[in-house]
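To start, the structure under review is shown below, and the notes come after it.
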Number of protein chains: 2
Amino acid sequence: MARTVDPQRHEARRLAIIDAALTCFAVTGYAGTSTAAICRQAGIGSGTFFHYFPTKQSLLLAILAYGTDETRRWFAARPDDADPLSIVEAYVAHAAEEMSDPRIAGFVRAVTAVMGVPEVETALALDARVLQDGLEPWVARAQARGQVRADLPPRDLTAWVLVLLDGFLGRLAVDEAFTAEGQRATLVDAVRRLLAP
Amino acid sequence: MARTVDPQRHEARRLAIIDAALTCFAVTGYAGTSTAAICRQAGIGSGTFFHYFPTKQSLLLAILAYGTDETRRWFAARPDDADPLSIVEAYVAHAAEEMSDPRIAGFVRAVTAVMGVPEVETALALDARVLQDGLEPWVARAQARGQVRADLPPRDLTAWVLVLLDGFLGRLAVDEAFTAEGQRATLVDAVRRLLAP
DNA sequence: CCTTTCATGGAGTGCGTGCTCTAGTATTGC
DNA sequence: GCAATACTAGAGCACGCACTCCATGAAAGG
């Protein structure tokens, strides 16, 4: 008998489709992108598409899960004894760098507006949770060391750092003169001002 | 012959449809909302809908134009000799208050993700422009008086105030514990920290 | 009264969509 | 080489959508 085809090849194809979808979603949004458009972008037939992903929605969820995992990995890689405030600032800089890729920025913007679909909403909530849970301990430690203000709980301070990141992303989309490269330094400065004791 | 119908009644109907659409768009997004759903919400038939708006897109543009006008009016109503920094902070507080209405928040989120449609993008760009042009003079005056930092041009400082507002809106959507009422004061404080000399 | 115009609902239409089916081709194990 | 399975393409399908058409009602001149 024959058998389980090369899993590497399988995974590579999956990633190629994900990559094509990312490009399409970033430009025309989730609902505005047809599976046919993704197939065209990826250079495959629709049969192939649905061989790798049972539905269009499952593809979106796969991308979201990928991003969530990446966030998890980023925080898992931080050494426990690092300087807390540096980690917070490093994450902000890291996120800003990712947003330099307009595909990422466009995708995030497109996806956070897929509303009323429970599976997507829980995936987004999970992503937000992982981010909050990854960042908050460092904020708390920084607070314990007196590096950041103490008039708000770590939970709120963390949320406000994410406010800056969310807003940064939004401005990139709507303001031509506002570029990730040009404003990255100001972003880190803004975080410092926000957290300063 | 008969005649030009009562324009008041006409306008009222239009506003009722706009109101229904706002509700629907806020919950399920633009693409996720069918004209049938808007008709159901407004309690009208589809014939009536297309009697008032030629297309679904034109309805969206009408809502956007309405919001842009409101922003224009808000700034037009500020007296020229007012304290500049107070005006900036007042606008921030005003915007935060509007976002207390979850329909507004949801609508804005839904609409900024309608991508790849030129008419919508230009309408959004106009809205952003009106906001920037309304706010920037006050920031500039505040800077001239030494009320705000001078290491960045007024244009950038204004953009960063809008970053905070955009981010505030985004957090409201994704973070259950982050409420407009609870965080409004922190928002104004964040603006002060951002602009402080 | 009658006539003209706007207002309204809802059945109907054509099209684009996500997805399925099937038939053919590569790739694997023996 | 052969059989069995995975992979691939694309024609086709059912459905939901934005939008149209038409019949009817209501209000305002004359």
Side-chain angles (χ1 to χ4, degrees), chain A residues 1-22 24-25 27-63 110-111 114-120, chain B residues 1-22 24-25 27-63 110-111 114-120:
Chain A
M1 70 176 73
R3 248 275 330 133
T4 66
V5 83
D6 184 6
Q8 297 230 327
R9 186 185 163 80
H10 188 87
E11 195 57 21
R13 270 289 212 199
R14 258 183 75 96
L15 284 177
I17 295 174
I18 282 182
D19 191 73
L22 211 87
C24 294
F25 289 162
V27 176
T28 50
Y30 176 72
T33 300
S34 63
T35 56
I38 300 172
C39 292
R40 234 175 294 125
Q41 174 75 25
I44 59 173
S46 72
T48 307
F49 179 95
F50 288 98
H51 179 72
Y52 285 90
F53 297 94
T55 64
K56 179 185 167 187
Q57 192 188 105
S58 74
L59 165 62
L60 174 62
L61 293 175
I63 304 181
V111 149
V114 179
M115 303 147 97
V117 182
E119 288 94 332
V120 177
Chain B
M1 73 176 69
R3 62 117 263 143
T4 61
V5 82
D6 185 7
Q8 296 230 329
R9 187 184 162 80
H10 189 89
E11 196 57 21
R13 270 289 211 202
R14 258 183 76 96
L15 285 177
I17 295 174
I18 282 182
D19 191 73
L22 212 85
C24 294
F25 289 162
V27 176
T28 49
Y30 175 72
T33 299
S34 64
T35 56
I38 299 173
C39 292
R40 234 175 294 124
Q41 174 75 26
I44 59 173
S46 71
T48 307
F49 179 95
F50 287 99
H51 179 72
Y52 286 91
F53 297 95
T55 63
K56 179 185 169 187
Q57 192 188 107
S58 73
L59 166 62
L60 175 61
L61 293 175
I63 304 181
V111 149
V114 178
M115 303 147 96
V117 182
E119 288 94 333
V120 177

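So you know, we letter chains A, B, ... as the sequences are listed, proteins then strands, and number each from 1.
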Q: Only counting residues at least two apart or in another chain, list the ones meeting side-chain contact (heavy atoms from CB on, under 4.5 Å) with B:Ala31.
A: A:Ala31

Q | For A:Val120, all residues meeting side-chain contact (heavy atoms from CB on, under 4.5 Å), sequence neighbours excluded | A | A:Gln57, A:Leu60, A:Leu61, A:Leu64, A:Val114, A:Val117, A:Leu124

Q) Expressed in angstrom and rounded to an integer, what is the separation of A:Ile38 atom CD1 from C:dT17 atom P? A) 11 Å

Q) When you check the phosphate oxygens OP1 and OP2 of D:dA9, does a side-chain N or O of A:Arg40 lie under 4.0 Å from one of them? A) no

Q) Who pairs with B:Thr28 by side-chain hydrogen bond (donor to acceptor under 3.5 Å, both in side chains), at least two apart in sequence or on another chain? A) B:Thr33

Q. Taking only residues two or more places apart in sequence or in another chain, which ones pass side-chain contact (heavy atoms from CB on, under 4.5 Å) with B:Ala36?
A. B:Ser34, B:Arg40

(Q) Whole angstroms only, please: what is the NE2-C1' distance between A:His10 and D:dC7? (A) 10 Å

Q) Between the two end axes of the helix from C:dC1-D:dG30 to C:dC30-D:dG1, each built from 5 base pairs, what angle do you get to the nearest 10°? A) 10°

Q) With a non-hydrogen cut-off below 4.0 angstrom, is A:Ser58 in contact with a base, only sugar-phosphate, or nothing? A) nothing

Q. Atom CG of B:Leu60 and atom P of D:dC19: how far apart are they, to the nearest Å?
A. 12 Å

Q. When the nearest nucleotide of DNA chain D is assigned to A:Arg9 and to B:Gly32 on a heavy-atom basis, which residue is associated with the more 5' position?
A. A:Arg9

**Q.** Those residues of residues 45-57 of chain A lying under 4.0 Å from DNA chain C by at least one heavy atom
**A.** A:Ser46, A:Phe50, A:Thr55, A:Lys56

Q. How would you list all residue pairs meeting ring-ring contact (aromatic ring centres under 6.0 Å, His included) that involve residues 29-51 of chain A, not counting sequence neighbours?
A. A:Phe25-A:Tyr30

Q. Considering residues at least two apart in sequence or located in another chain, which fulfil the ring-ring contact (aromatic ring centres under 6.0 Å, His included) criterion with A:Tyr52?
A. A:His10

Q. Does OP1 or OP2 of C:dC6 have a side-chain N or O of B:Arg13 closer than 4.0 Å?
A. no

